[in-house]
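These notes concern the structure reproduced below.
Note that the structure is a prediction, hence the values are computed from the model and not measured.
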Amino acid sequence: MTTELGSAPVSERELTEDDAALPAAAGIAETVGRVYTMAADAAAPASPGDAAEIRAITDAMVRLLIGTPLHSDGQLTIKSLAEEAGLKRNKLTHKHTGFKDLFYALVRMQDSRPKAFDGLKRQNDELKTKLSDLRDEYNQLRLDVKQMARVVHVLEVENQQLRKSAGKDGVVRAFPVQQRPPAGDGGSRS
């Protein structure tokens, strides 16, 4: 197996404390890939292409499951797995269906997102908050526009009344202004 973690491929060295941080799904993918590769080599030694595809698929699974994609967007999908392995997707959906099923099972088993998506989750939460604030502002502006429309309508009505009261001579007469008592008097003067 050619998955590099540290200085040597994982299959050629003992696991260290650093490897303990790897998700269990990546270890399972690597082990299964190693077994499949040996089985493919033993079954058809004249056809090394299958063994190379199996190695590429398992290496890609490990990279995706630990969150360090090299050739894809890092999503945990068959499309991304095929891109990461450098294969066409039909190799996974028609030829190596066991790896497709294994990958989906390992994705479901994995209880954390890949590291590649940690920043995206935070960014998504920030954008949701910003969207909520913008929606609140939009709703307030809609209310303000409705209120301004009512004010404009009242002013148009008053303007029309003033034009009618102008009479034939064209002089606009002001509406009578009611005097209000100063605040704090209670309306009575002594």
Side-chain angles (χ1 to χ4, degrees), residues 21-26 28-29 56-57 59-94 96-97 99-190:
L22 292 176
I28 292 170
I57 292 168
D59 289 347
M61 271 193 219
V62 170
R63 286 193 301 269
L64 287 175
L65 291 169
I66 63 174
T68 57
L70 299 175
H71 309 291
S72 70
D73 57 6
Q75 294 184 13
L76 299 177
T77 63
I78 291 298
K79 179 182 179 229
S80 295
L81 178 60
E83 285 177 18
E84 190 67 28
L87 300 172
K88 292 185 178 181
R89 187 168 54 186
N90 70 349
K91 291 284 188 179
L92 290 165
T93 58
H94 293 82
H96 300 291
T97 57
F99 280 111
K100 176 189 74 161
D101 297 337
L102 173 67
F103 182 67
Y104 280 142
L106 293 174
V107 168
R108 283 190 302 271
M109 182 188 103
Q110 189 174 353
D111 40 82
S112 66
R113 280 185 308 277
K115 293 177 186 175
F117 290 103
D118 288 343
L120 293 177
K121 170 80 169 103
R122 185 177 10 85
Q123 184 181 15
N124 188 30
D125 291 342
E126 291 171 2
L127 289 173
K128 283 181 180 179
T129 303
K130 187 176 181 179
L131 177 63
S132 176
D133 293 344
L134 289 173
R135 281 188 178 145
D136 292 344
E137 183 180 352
Y138 171 75
N139 289 334
Q140 183 61 46
L141 290 172
R142 285 184 64 188
L143 292 173
D144 291 348
V145 166
K146 287 180 181 180
Q147 184 175 358
M148 293 294 181
R150 287 192 296 269
V151 168
V152 167
H153 179 69
V154 168
L155 291 173
E156 286 176 350
V157 169
E158 287 179 0
N159 192 17
Q160 188 65 26
Q161 288 174 351
L162 284 172
R163 286 187 181 149
K164 285 182 183 177
S165 71
K168 295 181 182 170
D169 59 355
V171 177
V172 176
R173 309 226 188 317
F175 290 128
V177 179
Q178 296 178 349
Q179 294 287 334
R180 292 187 182 168
D185 279 3
S188 62
R189 291 190 179 235
S190 328

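Here the straight-line distance linking atom CE of M148 with atom CG of L141 works out to 10.5 Å at 0.5 Å rounding. How far CD of Q161 is from CD of E156: 12.5 Å, rounded to the nearest 0.5 Å. The line from CZ of R142 to NZ of K146 is 5.0 Å long, rounded to the nearest 0.5 Å. The distance from atom OG1 of T97 to atom CZ of F103, rounded to the nearest 0.5 Å, is 15.0 Å. Note: N90 CG to I78 CD1 = 12.0 Å, rounded to the nearest 0.5 Å. One finds the CZ atom of R63 at 4.5 Å from the CG atom of L70 (value rounded to the nearest 0.5 Å).
At distances below 3.5 Å, at least one donor-acceptor pair connects side-chain atoms of N139 with backbone N or O atoms of R135. A donor-acceptor pair under 3.5 Å links the side-chain atoms of E84 to the main chain of S72, judged by distance alone.
Residues satisfying the salt bridge (charged side-chain N to carboxylate O under 4.0 Å, His left out) test with K88, not counting sequence neighbours, are none.
Of the listed residues (T129, D136, L134), just one forms a side chain to side chain contact (heavy atoms under 4.5 Å, CB included) with S132, and that residue is D136.
With a 4.5 Å cut-off on side-chain heavy atoms, Q147 and L143 do not count as touching. Contact of the K79 side chain with the R89 side chain is registered, since non-hydrogen atoms from C-beta on lie closer than 4.5 Å. In this structure, Q123 and L120 have side chains that are in contact, with non-hydrogen atoms separated by less than 4.5 Å.
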Begin with the C-alpha distance, continue with both residues' side-chain angles, and end with the deciding distance and a verdict on side chain to side chain contact (heavy atoms under 4.5 Å, CB included) for L76 and L81.
CA-CA 7 Å; L76 299 177; L81 178 60; over 6 Å; no
Run the numbers on N159 and L155 for side chain to side chain contact (heavy atoms under 4.5 Å, CB included), then give the verdict.
CA-CA 6 Å; N159 192 17; L155 291 173; over 6 Å; no
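D144 and Q140 form a side-chain donor-acceptor contact under 3.5 Å, judged by distance and modelled atom types alone.
In this structure, A60 and A85 approach most closely via the heavy-atom pair CB-N, 3.5 Å. Taking each heavy atom of L64 and G74 in turn, the nearest pair found is CD2-CA, 3.8 Å.
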